[in-house]
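Below, read A as the first sequence line, B as the second, and so on, with proteins coming before strands; counting in each chain starts at 1.
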Amino acid sequence: MILCIRCYPSGKKSLNLQKINTMSQELSEQEQIRRNSLQELTALGIDPYPAETYETNVTASEILEDYPNNEKLFQDISIAGRIMGRRIMGAAAFVELQDPGGKIQLYFKRDDICPGEDKSAYNIVFKRLLDIGDIIGVKGYVFTTKMGEITIHVKEYKLLSKSLKPLPVVKEKDDKVWDAFTDPEQRYRQRYLDLIVNPEVRSTFIKRTELVNSMRSFLNVKGYLEVETPILQPLYGGAAARPFKTHHNSLDMTLYLRIANELYLKRLIVGGYDGVYEFSKDFRNEGMSRFHNPEFTQMELYVAYKDYEWMMDLVEEMIEKIAIDLHGTTKVKVGENIIDFKRPWKRYTMLGVIREYTGIDISEMDEAELRATANKLEVETDPSMGKGKLIDEIFGETCEAKLIQPTFITDYPVEMSPLAKKHRSEEGLVERFEAICNGKELCNAFSELNDPLDQRRRFEEQLELGKRGDTESMVLDEDFLRALEYGMPPTAGLGIGVDRLSMIMTDSNSIQDVLFFPQMRPEKKQEVSSDEEFIALGFQPEWVPILREKGFNTVEELKQANPNKLANDLNGLRKKKKLDIPALNPAKVKEWIEA
RNA sequence: CUCUCCGUAGCUCAGCUGGCAGAGCAGCUGACUCUUAAUCAGCGGGUCGAAGGUUCGAGUCCUUCCGGGGAGACCA
């Protein structure tokens, strides 16, 4: 293999750049160099993307955790990960290796990697053909360097995957970070990059999954059944929102992506299950903001023979458990605040909390008085709003943002809660609560309406609101009413926003930070016509790079050009570059681009 | 949808009242056997988001558009 060293004398690398370049015009110099390295690796007989399993027996975090306690451990290890940094000093080098659990330093020494005469595995392959971003596996033993860092002394290594694009290189020391990869657009569009270079992003999403696991196990221990219900629905219902519309070809009918799964879960309660829940991806056709994504996740739970009082206790218990499971404490830092989920939470009625924060008692007001009050409080109204909506607006504007610690707001106006049961003692109200936390709704729950006649009236009132111009009013679901007519036990229902809860539990400022792939406008890619399209016009293949150099990316752009000037310019370049192709005839060019 | 800020090298960012596109890291070449933001010497790398306009001259000024952030509106 000594021959190989002679094959790659220093300084001759750049010869190959042109050849590879013809594949695409868009490669940066660094990408070309990496593609070159790829070719050289292949030429050396090294598969840059080997198929077989690479057996590992340890992770970075296990070593960092256990080695200090027992330095006899980890004397024969195998580990794999991505190269995140290199410090090469002649015949020795240090490498930062990142695996799913963390980063660990590797020590490469030439004479250990290459025990014999042939030093190419170190000098050529490791030093020159490997890059930051490549994925490798190494075998060796753990030791501590002079500087006191736990390090793997590498005896052999293997390339597992060659990286062709340069990675953002984030450097850090003593909690200071240099050149952090921060551009939100790139982070969200290329989440994989974000995950590679920003470890806190990886842990945020792990926390999100732990949250879901914690909630699921809480519900399973209680004996509730996790179920799945349709996402494609002929009628959307269960919430006040505009849906996404789609079409089923063979049935030739409109279907909607669900905005909630409430009505299906309640059908299952009618069917005889006494507790059902679903982690439900819901879709609402609305704007986006740091609190809204068009698709989001809700957990909905329905439990028979219970009421909303009981459900409040369950919510407190469940969220408190989640906080402890994730943080080991009920106190969670969110922005500037410390939020304490310890039970019991404060409970206010809606009218009570409005009285508390505005000093106004609205309990006896009719629609006109409410509208006047709203205007006085500088709450915006519009004519489509009924009494319930007005109260909700007043609450939303004057109270909600001030509720930082988890707080239950109970007893909502009947007009805005068409699926909730009439309050057992308060006229005009329903048995509904929301938990508010950090100024935002965390969950929504009620004693479910199981009176089929009342439910029909409520739907009909919604239809009236729809006629007044409320685009989010509910539609009437005859099959759901039919189910209720067979009889549904008294039931408590809950909907809890998993994304919103994740934001709080991970101290994330935006919903985009707890969704792997938040909705974004499509990337606008530059239109580029293929070589074949240019050739099809009549140009010889040799002209295509010249056309591109001249700034013509598409055939369309070419057709806009003045044929005489074009032929002139191109022939000028031909002369300048001394190209060995026939000159263009302006009349022919005119024919081609006007064809 | 409105207001506002931003878009310059692979990443982070400078670039003044308009005058030859810059730095650090990353990359390439070379030196270096326990470094750690490794170091030292040298070199390459750009459609300044796009299109118009003003100007002798535009990264810089004006208009429009695209994309993104933030704040609101709508909305949970």
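Contact annotation: A:Arg87 does not reach the phosphate of B:U36 (side-chain N/O to OP1 or OP2, under 4.0 Å). A close approach under 4.0 Å does occur between a side-chain nitrogen or oxygen of A:Lys173 and OP1 or OP2 of B:A37. Residue A:Arg34 has no polar side-chain atom (N or O) positioned under 4.0 Å from OP1 or OP2 of B:G10.
Under the side chain to side chain donor-acceptor pair (under 3.5 Å) criterion, the residue pairs touching residues 81-97 of chain A are A:Arg87-A:Glu96, A:Arg87-A:Gln105, with sequence neighbours excluded.
Taking a 4.0 Å limit (strictly below) on heavy-atom distances, residues 88-97 of chain A reaches RNA chain B at A:Ile88, A:Met89, A:Gly90, A:Ala91, A:Ala92, A:Phe94.
Checking B:U12, B:G10, B:C34 against the side-chain heavy atoms of A:Thr182 singles out B:U12 as nearest. If you check B:A26, B:A73, B:C28 against the side chain of A:Val169, the one that comes closest is B:A26. In the set B:C75, B:U35, B:G67, the nucleotide with an atom closest to the side chain of A:Glu185 is B:G67.
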Just list the side-chain donor-acceptor pairs under 3.5 Å for residues 388-402 of chain A, sequence neighbours left out, or say none.
residue	atom	partner	partner atom	Å
A:Thr398	OG1	A:Ile394	O	2.7
A:Glu400	OE2	A:Glu441	N	3.4
A:Lys402	NZ	A:Thr398	O	3.2

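Using a cutoff of 4.0 Å between basic side-chain nitrogens and carboxylate oxygens, A:Glu40 and A:Arg128 are scored as salt-bridged. With respect to the salt-bridge test (charged N to carboxylate O, under 4.0 angstrom), the residues A:Arg242 and A:Glu286 do not qualify.
Ring orientation note: the planes of A:Phe108 and A:Phe126 are close to parallel, at an angle under 30° on the 30°/60° scale.
Two residues are said to be in side-chain contact when any heavy atoms from C-beta on lie closer than 4.5 Å; A:Leu442 and A:Pro406 fail this criterion.
Under the Watson-Crick and G-U wobble criteria, each requiring two contacts below 3.5 Å, nucleotide B:G7 is paired to B:C66.
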